[in-house]
Every structure is written in C-alpha cells, then in structure tokens.
Amino acid sequence: MKKYDAIVIGAGHNGLTNGAYLAKAGLDVLVVERNAYIGGATVSRELHKDWIYSNCSYVCSLLRPEIARDLELPRHGLQVVPYGGSATLMKNGDHFGYYYDHERLHREMARFSQRDANAYERYLADVMKQTRLIRPYLMRRPPDPTSLKLRDLKDLVEFAGSFTALGEEGLADTLKFWTMSVGDFLEQYFETDVIKAHLAGSGIIGTALGVYSPGTAYVLLHHYMGDVDGNVGAWGFARGGMGAVSSALAKSYQSYGGEILCDADVDRILVRNGRAVGVALDNGDEYHAPVVVSNLDPKRTFLDVMDATDLPPDVVKKARNFKIRGSSGKLNIALDGLPTFRGVEKGGPLATGEMHLSDSLEVLERAYDDWKDGTWSKEPYVDMLIPSQIDPTMAPPGKHMMTVFVQYAPPKIKGREWTDEDKAGFERTVIDQIASYSPDFKDLILHCETRTPRELEAEVGLTEGNIFQGELTFDQLLFNRPFPGYAQYRGPVKGMYMCGSGTHPGGGVMSAPGANAAREILQDLKKDNTVPEGYADD
Amino acid sequence: MSRKQGDTMMLETPFHSRVALANELNLWEAWSGYTTPSAYFDVELEYFAVRSAAGVFDLSPMNKYRITGPDAGAFLNRLVTRDVGKIGVDRVGYTVWCDNAGQVMDDGTIFHLAENDYRLCAYARAMDWLSWSALGFDVSVVDESAEVAALAVQGPTSCSCLQSMGLDGLETLKPFGIAHFDFEGEDLMVSRTGFTGDLGYEVWIAPNKAETLWDKLFEAGKPYMIKPFGSQALELTRIETGFLQAGVDFVPAQETIRPGRSRSPFELGLGWLVDLNKPVFNGRQALIREQQIGSRYHFVILDVDGNKPAHNSFLFKGQQQVGTVTSAAWCPTAKSNVAFAQIETACGDIGDQLVAEIYYEKELHWTRVLAPCKVIDGAVFNPARRRMTPAVAY
Amino acid sequence: MTNYDVLVVGGGHNGLICAAYLARAGRKVMVLEANEQPGGAAASREFASGYTVSSCAHWLTQLSPQISKDLALERHGLQLAARDLDSIGLAPNGQHVTVTGSAVEGAALSEEDKLAYAEFHRKTIKFSRLLARAFAERPPKLVESNLTDRINLLKLGLGMKLLGKEDMSELLRLALINMYDVMEEHFDNETLKGLLSFDGVLGAHMGPRSPNTVFGYLYRRVGDVHGYNGPAVVKGGMGALGSAMADAARALGVEIRTASKVEKINLDQGRATGVTLNGGEVIGAKLVVSNADPVTTFEKLVGFRNVETGLVRRVSQIRMRSGVAKLHLALNGLPSFSGLTETQLGQRLVIAPTMDYIERAFNSSKYGESSTSPALDISIPSVHDSSLAPAGKHVLSAIVQYAPYDLGQGWDNHKEAFTQQLIETIGTYAPDIGERVVASELLTPVDLEREFHIKGGHWHHGEISLDQVMMMRPFPGATQYGTPVEGLYLCGAGTHPGGGVMGLAGRNAAREIIKRGGAA
C-alpha cells in the first residue's frame with residue numbers, strides 16, 4: 001500500500017486547507033473523508049431538485065483573506081458576495097432594521113432611542129478595539145504561557161505587549177469583554193430591547209449558553225472577527241453555497257498534487273512505539289504516513305479514533321471534560337416564491353440579510369432556559385436568510401432557497417436521543433414561528449430539510465452537533481484551545497496533529513486552524529513554510 | 001415613484017429645494033446623514049465670493065444639542081475644558097471637550113441663549129456622552145439638530161446683506177455675540193460666528209421658515225454679490241484662517257480604535273481653551289499629568305515653499321521623520337501654501353525649518369518634491385474687519 | 001471644630017477594621033455610622049418581641065484570623081456559640097447529605113462520591129489557599145505596575161507555578177467554568193451536587209450553570225483556609241461581632257459616632273476635605289475613607305457631578321442588583337425536619353436538593369420574578385444560643401435565593417405571599433413549621449438597601465464574578481483602595497477581595513493608606 005508523507009482525517013474546510021499547505025510544501029498528502037462528498041460542514045447539496053442548500057454553515061465572513069488569496073481560491077471558483085442589512089421583526093408589528101448604511105442605521109436606531117443610536121458608535125469602536133487585539137493572532141499559533149522555550153517567550157512578550165499598550169482602562173475593558181455576558185455587555189450601551197436582542201444573537205450562535213451567561217460577550221466578538229474585502233465585521237454569501245468554499249479548497253489542494261479519498265471512515269489512528277504511523281479505516285484498509293492530522297473535534301479525536309492506551313491519561317481526561325455542546329439546529333427550505341415578511345419591504349435592503357424574530361433579551365434567555373431543561377426552545381432564536389435573492393445559482397429563477405439557523409436545540413431531549421417525532425415537532429415549532437410573521441410562508445414551502453443536533457452529529461461528525469467543535473468560552477480559547485499544553489496543534493503523540501475548529505482560533509469557516517497547523521507541521525519536518533502571515537494592521 | 005424622506009439613504013436639509021436649484025454643478029456629498037453640496041458653480045469663485053463679498057453656507061446638518069435646567073451651566077462646565085461661567089448670556093464660546101484620558105472628543109461652540117439655556121454645536125454626535133455626563137445634574141439634554149435650520153453668511157459684505165434684509169442694528173453685534181430679530185413672526189437668531197475667519201454671521205431659524213429665509217437673504221444680498229458656497233470652498237477658508245477640522249486634523253477620541261491615535265487639547269494647539277483652575281471637568285486629571293510629563297505631539301502651521309499643497313506629507317528635520325501633515329491648501333487670498341501638521345514634540349518651534357515630502361501629478365507624471373517649510377506663528381488670514389464693531393459697511 | 005486625620009464613612013465591619021488598623025498606626029480616626037449600632041451588615045435585630053437574629057449574614061465563615069488576633073476581638077466580647085458546623089443538604093426523600101469539613105456522609109451516598117468529595121475538597125482548598133494569599137494583599141494594577149505590584153504578581157504567579165503545570169491549568173479552567181459541569185464531572189448524588197453548587201452561587205445573581213460560579217465556590221472555601229471547618233454561629237448574633245469590632249476599634253483610640261449619617265463627602269479643588277452630616281455639621285479630615293459601596297460613594301456622597309464622566313460610567317456599570325432576601329421566623333418550638341435529629345437542627349441546613357432546582361429558582365429572577373421554589377440556607381441559631389429567643393422558643397433565619405431587587409410587580413405587593421411560599425417550601429422538609437411560626441419577617445433586597453444603605457441591597461457591594469474581582473474591583477483607577485478623587489479611599493466590600501465578613505478589604509485599605517503615608 002502506498003505510503004504518504006501526511007494523512008489528514010476529514011475533508012472539511014480546515015482539513016483541506018491543511019492538506020493544501022502541506023501539499024504546497026511538496027509533501028505527498030492524502031485527505032480521507034468519511035462521507036461520499038467533501039466539505040464537512042461547508043457544503044452545498046442538492047437535496048431538492050434544482051435547489052442548492054448550504055445545509056450546514058450558510059454565510060461567510062471569517063474565511064481568512066490571506067488564505068483565500070494564497071491558495072488562489074477565486075481562481076478555483078470561490079466568489080464571496082457581501083449582503084447588506086438585516087432585521088428583527090417584533091411582536092408588536094414593528095421591526096428593527098439593521099441597515100448597511102451607517103447613517104440610515106443611525107436614523108433607525110434613533111427611532112427607538114437617540115441615545116442608543118449614538119451609543120452604537122461607541123459600541124462599534126469598542127468592539128473593533130477588541131477585534132484588533134485578536135485579529136493578528138488568527139493566523140498565528142497561540143503563545144504558550146507555561147512554556148519556557150525562547151520562541152514561546154518571545155511570542156508571549158509580544159502578546160502581553162499588545163495588551164499593556166491598552167493602558168489600565170483599556171485592558172480592564174478587554175478582560176471584561178472576555179468574561180462578561182453579552183447581555184450585560186450590551187446593557188452598557190443600549191436601553192432598547194430590540195436593539196440589544198438584535199446584536200446579542202452573535203453572542204450565542206453556536207454556543208450552549210444564554211445571553212446572560214458570562215463569557216458570551218467573546219462569542220459576539222468572534223463573529224466580528226472576519227471581514228469581506230477588508231470590511232471588518234461584514235458578512236457575505238459564497239456564490240453557489242458554502243460548498244463553493246470547500247470545492248475551491250479541494251481544487252487548490254489537488255492542484256498541488258494532493259489526493260482525496262471519500263467514503264473512507266477512519267476507525268483509528270495507528271500508533272507504533274509512541275509515534276503516529278497512519279490510519280486504519282473501518283473497512284480494514286490501512287494508510288501509512290509519519291504525519292497524521294486530525295480535523296475531527298477533540299472528543300472524536302482522542303476518545304474515538306485514538307486508543308486511550310496510546311495517550312497520556314491527562315489528555316483522555318481533558319478530552320472528556322472538553323466542553324462541546326449541541327445547541328443549534330437548521331431548517332433548509334425550498335420556496336416557491338419570495339415570502340412576505342410583515343412590515344418589511346419585499347426584496348428590500350433588510351430582507352436580503354439575516355432576519356431574526358427574538359425582540360428582547362428575555363425572549364433569547366428564555367429560549368436558553370428551554371435548552372437547559374432538555375428541550376428545544378418554544379420560541380427559538382432564528383437566523384434566517386434567503387441567499388437566492390443575491391445568488392442566482394441557489395434556486396431556479398423566481399424560486400427561492402431559505403436557510404434557517406435555529407437555536408436552541410439540545411443534543412438530547414430530556415436525557416434521551418432525539419426521535420423522528422421530536423424532529424417533526426422541532427420543525428413545526430420553527431415553521432409556525434416564522435409563519436406568524438409571514439402569512440404566505442407556509443404555502444410557499446416546497447421542501448424542507450430539518451437538521452437537529454442528531455443529524456449534525458451523524459452526518460457531519462460534529463460531536464453533539466456543536467458547530468464550533470467546542471465552546472468558544474475563555475477557558476477553551478487561545479492557549480487553552482483545545483487544552484492547555486496542547487494548543488499549538490501538536491498532539492500528545494509524536495507525528496500526530498490537530499487542525500480542526502477545536503484548535504485556535506476556533507470555529508466558523510475561517511480555515512485559520514488548518515493553515516496554522518500546517519505551519520507547525522512543516523516546522524517540525526524542517527520544511528520551508530508555505531503558510532502566509534496575517535495582513536498587518538487590519 | 002416617489003420616495004419619502006427617511007426611506008432614502010440621505011436626508012435633505014430644510015433649505016434643500018433652494019440649495020438644489022443653486023447647485024449648478026450638481027455635486028453633492030454626505031454630511032451627517034444629509035445631502036449637502038460640495039460645490040455650487042466653481043470652487044474658486046465661491047471662495048472669492050466669501051473673501052471679497054458674501055458667501056452662504058447651509059450648516060443645518062450640524063449636530064445641535066439644547067441644554068436646559070438649573071444645572072445647565074454647571075453641567076457644561078464639567079463637560080468642556082474652558083470656564084463656561086465666562087460665556088455670558090447672548091454670547092458664544094468655542095471650546096473642546098475631552099474624555100477621562102484628556103483626549104479631545106470633539107470641538108464645537110456653546111451658545112448661551114438665556115439663563116440656564118444653552119445650545120451646544122458639535123461635529124460628532126454626542127447624545128451618549130452627554131447623557132452619561134448628565135447623571136447627577138438637574139439638566140435636560142435634547143438633540144435639536146433637525147429642529148433648527150441654519151445658514152452661515154460670511155464675508156466682508158455679510159453684515160450689509162443681512163441689514164438690507166431688515167436686520168437693523170446688526171452692525172453693533174460684537175464678535176461671538178447673539179442677537180434676535182423678528183422674521184415673519186418667527187424668531188431669527190443671529191450670531192456673529194463662523195468658520196471662515198472673516199466678518200461673518202450664522203443665522204438660525206425654524207425649519208418651516210428656511211426656504212423663505214433663503215429667498216429673502218439672496219434677494220437682499222444681490223447688490224452685495226451674495227453667493228452660495230459648498231464644502232470645498234469652506235475647506236480653503238478654514239485652512240487659511242487656521243481652524244481645525246474634527247475628523248481631519250484630529251480623530252475624535254471615542255472613534256479611535258488603535259491606542260495612541262487620539263490627541264489632547266495641548267497637542268492640538270488648543271491649550272488656551274483649557275482652564276485647569278476649574279475644580280473638576282472631564283480630562284482635568286489627565287491634562288494636569290500631561291502638563292507635568294509633557295505632550296507627545298504638538299500642532300503647527302507651516303508655510304510651505306512652492307505652490308503644491310502638502311497633502312498627506314511626511315515631514316522631516318534633516319534625515320529624521322518628525323511628523324505628518326493633516327490639512328493642506330494653497331490659500332488664494334494670503335498667497336501662501338499652508339499646511340497643518342502634527343509634530344513630535346522635540347521640534348517645531350516657531351521659525352523652525354522642516355522639509356515636506358510632496359507628491360503631485362501633472363498629466364499622469366508624478367513628481368516628488370522635498371519642499372522646505374517654516375513653522376509660522378498663527379494663521380495667514382486674519383483681517384482686522386473680523387474683529388471690528390460696528391461691522392464695516394459696504 | 002476638631003480635625004481628624006481620617007474619617008471613615010460607615011461603621012460596617014470593614015470600616016471598623018480599617019479604622020482600627022489606622023488608629024493602631026497612630027492616626028486620629030473617627031467612624032461615622034448612620035445607624036444606631038455600629039457593625040453595618042454585621043448586625044442583630046429583634047424582629048419580634050424577644051426574638052433576635054442576625055439581620056444580614058448569619059454565619060461566620062470567613063473572618064480573617066489575623067484580624068481577630070490583631071484586634072483582639074475575643075477580648076472585646078466576641079464569642080462563638082458554635083463552630084465548625086456541618087452543612088446538611090436536605091433531600092425531599094429524607095436521604096440528606098452531610099458535609100463535615102473534608103468529609104461527606106449520607107445514606108444515599110456512594111463510596112465513589114465520598115472519595116471523590118475528599119479529593120475535590122483537597123484540590124479546591126489548594127486553590128483557595130492561593131486565593132486567600134492574594135486576598136490578603138492589595139491587587140496588583142493591570143498595567144503600570146510598580147515594584148510592590150510586580151512582587152505580588154510574581155508571588156501569585158509563583159504560587160500558581162508551584163501548583164504544578166497540571167494543577168495550574170486546572171485552576172485556570174476551573175476559575176472560568178460553571179459549578180454544574182464541575183459537579184457532573186465529579187459526583188453522582190444529586191443532593192450533594194445541589195449542596196456544593198449552592199456554595200458557588202450564594203449571594204450571587206447566577207445559577208449553577210453560569211460560568212464563573214466555580215470561582216464563587218473557591219471564594220467560599222477561602223473560609224476553610226481561614227480556619228473555619230464549617231460555619232460558626234456568633235453568640236448574640238452577628239451584631240455581637242459588630243460590637244466587638246467597635247469596642248476593639250475604640251480601644252485603639254477610634255472615635256465612633258453612631259446615628260450620624262454622612263450626607264456628603266466634601267471636596268475642595270477636587271480633593272476630599274471631610275464630610276457633611278445630614279444635620280449640616282461639617283467635619284474636616286486629611287483623608288476620607290468610604291466603607292459605603294462604590295456606587296453610593298460616588299453617586300450620593302461625592303456626587304456624580306463632582307467627578308469625571310468616565311468614572312460615572314464605570315461606577316454606574318458595576319453590577320449590584322441583589323437576588324437575595326432574608327427570612328426570619330419566630331418559632332414557638334423547634335420544628336421537626338424529617339430525617340434530622342434535634343442536634344442536627346443547629347447545623348447549616350440547605351434546601352437546594354438538585355442543581356436543576358437551583359437553576360430553575362434562578363431562572364425566575366432573571367425576569368424579575370421571585371423563585372417559585374427558592375433555594376434556602378437555613379440557620380436556627382437559638383439551638384446554640386438561648387439568649388436569642390424566650391425559653392423553649394426558637395428563631396430561624398434563612399438566606400433566600402432568588403428574590404430579585406427589581407421585582408416586576410414590586411415587593412410591597414408580593415412580600416406577604418412570598419413569605420408564605422417560603423414557609424411552605426420549608427414545610428416540605430419540616431411539615432410542622434407552619435404551626436410553629438409565631439412571627440415572621442422578610443427582608444427583601446429593597447429592605448436591605450434601605451436598612452444598610454447598600455445600593456441594590458447587594459451583600460458583596462457588587463456581584464462577585466470574574467469581571468468584577470481582583471484587579472477589576474471595583475473599577476480601574478480605584479483597584480488599590482485609592483480613588484481618582486484625591487484624599488478619598490474605599491475600604492468596603494466593593495473593593496478587593498469583596499464581602500462575606502472577611503474583613504480583608506478594610507485591613508488592606510488601611511495598610512495601603514499607611515504605606516502611602518496617608519494622613520501621616
């Protein structure tokens with residue numbers, strides 16, 4: 001059997017990115033993928049004839065521009081189109097329009113509160129201050145505060161330096177940002193419920209925490225970390241659905257000579273004499289390489305495809321304690337036409353972006369209370385978009401594709417597995433909720449794919465259906481991601497590496513973990529680095 | 001298809017119908033959410049209208065806050081750096097206000113309208129900061145930006161224009177004074193203020209009378225060669241007369257994202273606006289500290305050799321880069337090539353010689369010039385008529 | 001007019017301690033207390049004729065032994081009626097769980113849980129020891145640290161390093177996460193998990209699922225490091241502690257004026273010069289130290305208008321809304337709790353049978369509602385101290401969570417119903433409680449605010465959560481007891497390390513003032 005220089009487990013966007021950089025450095029690389037198709041959670045699938053569903057991740061902002069450019073993703077077919085505006089529909093019939101244009105947004109906020117409208121400028125500046133601190137570290141390995149190696153110490157001094165430059169007040173703000181709840185954080189700026197609710201959504205997406213749980217302010221920050229063409233915090237659609245991202249990455253990877261093997265479910269990582277030597281598939285096939293990179297989440301990696309006997313006991317314990325909780329579900333809907341949303345101009349600037357239906361922090365927090373109780377939210381937070389208004393490839397002309405991210409949905413219902421009835425009930429809850437703001441919505445539904453954490457775990461392989469491969473709370477960020485002591489992409493076994501969203505800088509379709517891991521691998525192999533540095537002063 | 005105001009990206013000022021008619025070039029730009037003219041017919045001719053006769057500028061988009069209540073004066077005194085107690089009723093004062101770190105958040109003017117009644121005009125929106133600042137004071141702060149229409153009438157014949165519109169006795173109004181007149185049953189407030197450094201007035205009126213005011217003013221001003229002028233001409237006049245522009249010559253502190261990019265009043269040459277003898281005001285403690293340890297930067301006005309404006313230039317002293325230009329213009333009246341700059345504190349005394357690195361293009365040919373320049377003491381345009389009362393008549 | 005070196009505004013325990021240390025260092029100090037008795041929240045009240053309880057905190061669990069010694073509190077009358085008490089987690093089925101220091105017992109408890117608890121206790125004490133060390137010093141500044149700060153930081157860092165790499169990363173992890181997860185990692189028994197996680201949220205506006213609550217637990221365990229192998233009961237109620245501290249302070253030369261409410265702190269050119277009492281009397285001093293919470297200090301006493309806006313914003317943003325009420329019952333005899341012996345009634349009784357129970361109780365308070373099934377920390381001090389009630393009678397005191405400060409319907413309309421509900425909740429475990437009650441009193445956060453002049457009625461003078469502790473407490477610019485107002489210091493629970501009748505805030509503040517040569 002052919003021997004490779006490196007094997008990457010999982011053809012998600014990070015696995016492909018990692019493979020691409022290793023192949024670019026001249027390594028012979030194999031990416032193995034369990035499913036029949038590549039992409040992991042970054043896929044476009046035709047589940048209803050002529051409709052393309054981005055049925056997992058659905059919008060794009062975090063993808064590092066350094067990587068997109070360096071791996072020539074545009075040449076390989078990727079185009080990200082920004083969308084403007086979003087809205088929260090309110091129970092009283094009004095709505096809050098989050099206009100793309102700053103002045104119009106100001107006027108809209110002022111309609112609720114003059115003070116909020118002006119405080120938004122302070123809010124934005126403060127959020128940008130914090131993202132500026134983190135953004136330079138997206139394309140770098142995190143410093144290790146416990147290490148005494150020169151390189152680590154240098155990193156650490158530089159890291160500390162950028163924080164002390166903030167001064168006492170600034171640093172206090174940063175620490176608060178990392179430890180406080182998004183609800184408390186927003187209350188420092190705004191008095192209007194719907195404005196707080198609209199902004200708070202970013203603080204809970206993908207997280208099994210509520211808007212009043214300490215630590216969620218950082219999650220909000222994470223969603224501001226990206227940019228579209230240098231427009232920090234902006235979001236866009238990948239033309240052709242999110243599968244365009246993985247497809248471009250795959251083409252780039254293959255252009256460097258990389259191989260992809262689909263329908264290849266890894267049973268375990270082979271370890272001999274304390275070294276990773278390859279993988280064994282569940283059909284018994286073995287593939288060998290001195291470097292094995294896992295794009296799986298830390299729980300799958302250490303509790304599933306690795307043998308406890310091959311691992312130091314602390315790693316098993318840390319993997320077990322690693323927080324990775326399913327909190328969300330998804331509805332992908334084929335529509336016969338564009339639905340009407342009460343009060344919002346059809347096809348207007350607000351309807352092309354995200355639409356939300358939770359108009360106060362209390363509604364959001366109550367949705368979380370349901371999750372804690374082991375059931376899906378009675379009144380869930382939805383983040384719904386109709387990308388076919390901007391991207392003509394998603395649905396036939398005049399028809400539309402709607403993607404609805406839904407939170408909260410627990411990994412288990414009252415301690416037991418999801419059943420099909422549960423799934424149907426979940427679907428009903430969401431559709432009824434949307435229909436109460438859109439009278440013609442139900443009649444337009446041609447097909448609906450509903451995904452609970454059960455499907456996300458079973459199909460994509462995300463433990464508990466957690467979209468970030470692990471909670472983005474401070475105890476699992478930077479040098480703590482996935483675990484302290486193992487945050488520089490190297491696993492506990494020689495030759496074994498991690499490159500998934502469970503590593504720094506975390507989830508979202510960012511590709512930074514895959515690229516950063518490749519840099520470390522190439523360093524260990526004493527190969528020339530192929531991974532770009534982050535852009536300066538971004 | 002018709003569009004409603006508010007449904008569109010940009011708002012229109014109360015003078016819009018008249019401004020649009022006068023805007024022969026149809027050149028527009030955004031200012032604080034409003035559509036405003038960059039130029040009406042020709043920047044240079046507009047500029048000279050202001051300098052030799054009278055120019056009219058629509059300043060309605062300016063942020064205006066009405067501050068009333070028993071503590072209004074005390075509130076403002078804690079807010080801004082200068083002693084507000086020294087601004088009497090019917091007087092206007094230019095000032096800056098700072099954050100806790102003594103960094104300038106904005107500059108603007110305080111109009112003392114009546115006892116316990118003030119208007120604060122600001123470049124940036126300030127409702128958030130004003131609301132926080134109001135805690136502990138018996139004061140009401142209301143954004144009246146949309147409720148007050150305003151025109152600047154500037155230049156040597158400005159007083160005559162307004163007089164001929166019926167504002168009798170206006171000539172006795174002192175600089176920074178306020179007077180009230182009846183205008184078709186509405187109160188017309190006139191202040192002897194402006195951004196051009198010349199004799200000039202600003203007139204304030206309820207929006208429903210705005211169009212009539214414009215019409216009457218231009219009719220009355222006709223013999224005095226009154227013309228409208230846009231933001232580009234205004235930019236020339238304010239540089240010529242040494243006025244800073246927020247957002248250009250400094251970034252309002254609350255908008256800075258990178259540490260160290262904001263400036264203190266001392267660093268902007270506005271130390272004269274800071275009264276450290278007041279027991280408490282925002283930034284006081286930090287400014288006292290800055291006085292002890294010294295400033296990081298200071299503001300200079302440069303007279304640059306040649307006639308190429310030193311836009312965005314780096315400044316050198318010998319081989320060493322010592323600062324950057326924030327505003328630059330060839331000033332047609334003073335016949336000077338002026339630049340404002342931020343200089344590292346070690347150099348930049350009056351009379352110091354520096355070098356500006358200027359790039360300019362003629363027919364796609366780029367030239368790099370190392371232009372000598374000199375730090376000068378004050379603005380190049382400062383006519384006596386600006387200060388004279390009664391105002392000079394034409 | 002007599003001039004003092006230092007005026008301490010508020011005669012709570014931290015104020016008295018601060019004053020005592022300053023007097024010991026030769027300063028002429030006067031403490032001004034609004035209430036009739038010194039002691040602040042360390043107070044007792046006769047809420048019904050012949051029945052006395054501790055008004056606020058009812059256990060002594062954290063008081064620094066160094067302070068007891070330095071102030072010779074025993075010599076000044078401090079007596080413990082009982083100490084090292086058990087904490088008993090009540091289970092509805094009577095299978096209670098009893099924690100005695102490092103051991104846990106209970107009929108339904110597995111051997112694994114017992115062993116796991118011993119190990120858990122060992123580990124948490126190790127971490128709390130580190131906290132205790134940091135609590136006894138002023139917190140270092142976040143930046144611009146001077147030598148003392150660097151040494152303190154180094155000591156803290158060294159302490160963490162000495163834990164070993166494993167424990168160090170475990171501490172970092174634990175401090176950030178929630179009790180719920182940690183309990184699930186360690187234990188099976190629901191009542192044990194409920195009992196322990198309640199310690200993590202006691203006095204806080206958080207539930208077991210809220211991140212940071214392990215920090216709350218470690219915070220409680222600092223008491224163990226201070227030598228409390230379980231809660232202690234002060235003879236005569238906590239008011240006796242307040243009196244002992246006042247006597248100790250007086251013995252060191254501190255003058256204490258009670259019934260003297262400070263109306264404002266006087267300033268001259270931005271410098272604190274003394275205070276004005278509500279009668280109009282002006283007292284001058286070189287320094288003013290405020291034992292009031294930071295919001296009250298700056299909003300009411302100094303006046304927001306006399307400080308810069310940035311400070312106003314910082315202070316206004318301190319989270320100080322309490323979710324804790326206090327229930328006092330006068331009983332005509334000892335109630336019988338199912339599954340408990342009479343001697344066990346003197347222990348700390350906790351009604352928090354599962355973590356979900358607490359979490360649900362917390363849910364209501366997030367929306368301005370009181371808990372339908374509240375969690376309770378119950379003390380029947382009269383078991384140990386017969387002076388608190390007439391012969392044969394008893395008093396019961398309970399800390400009630402959650403009872404939000406901003407109750408949607410307003411407390412006036414709800415107090416009676418909630419009291420009834422609390423008695424019923426206790427009745428689930430002590431069926432005869434209803435017939436035993438002869439008088440009752442409920443102190444809501446609003447009452448506590450009025451009674452003790454604490455904004456929001458928050459015992460800790462501000463939520464103890466990671467964004468409001470250590471070098472973040474109470475706000476940047478005042479983390480080392482000095483404030484942006486020259487001549488004004490803080491010494492209350494709103495400063496590092498926080499409340500809980502520990503006394504360290506007062507002591508640290510005094511040491512800082514002495515170190516800076518204040519009022520010398």
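Scope of the values below: all heavy atoms of this structure, side chains included, with no hydrogens, waters or symmetry mates. Model, not experiment: these values are computed from the prediction. Proteins get letters first, then strands, A, B, ... in listed order; numbering begins at 1 in each.
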**Q** Going from CG on B/Asp143 to CG on A/Asn118, what distance comes out if it is rounded to the nearest 0.5 angstrom?
**A** 9.0 Å
**Q** Mind checking side-chain hydrogen bond (donor to acceptor under 3.5 Å, both in side chains) for A/Asp94 and listing every partner two or more places apart, or none if nothing turns up?
**A** A/Arg111
**Q** Using a 4.5 angstrom heavy-atom cutoff, name the option from B/Ser131, B/Gly260, B/Pro259 with the most pairs to chain A.
**A** B/Ser131
**Q** So do the side chains of A/Arg107 and B/Leu11 get within less than 4.5 Å of each other, counting heavy atoms only?
**A** yes
**Q** Using heavy atoms and a sub-4.5 Å threshold, report which of residues 57-78 of chain B line up against chain A, by residue number.
**A** none
**Q** Kindly compute the distance separating CD1 (B/Ile257) from CZ (A/Arg132), expressed to the nearest 0.5 Å.
**A** 8.0 Å
**Q** Could you list which of residues 117-129 of chain B have a heavy atom closer than 4.5 Å to any heavy atom of chain A, in residue-number order?
**A** B/Arg125, B/Ala126, B/Met127, B/Asp128, B/Trp129
**Q** I want to check something: taking the side chain as every heavy atom from C-beta on, are B/Gln254 and A/Glu121 in contact at a cut-off of under 4.5 Å?
**A** no
**Q** Shortest non-hydrogen contact from A/Gln188 to B/Trp132?
**A** O-CZ2, 3.9 Å
**Q** Would you say B/Phe195 has more than 12 foreign heavy atoms packed within less than 6.0 Å of its CZ?
**A** yes
**Q** In residues 281-298 of chain B, which residues are in contact with chain A at a heavy-atom separation under 4.5 Å?
**A** none
**Q** Is the NZ atom of A/Lys91 crowded by more than 12 outside heavy atoms at less than 6.0 Å?
**A** yes
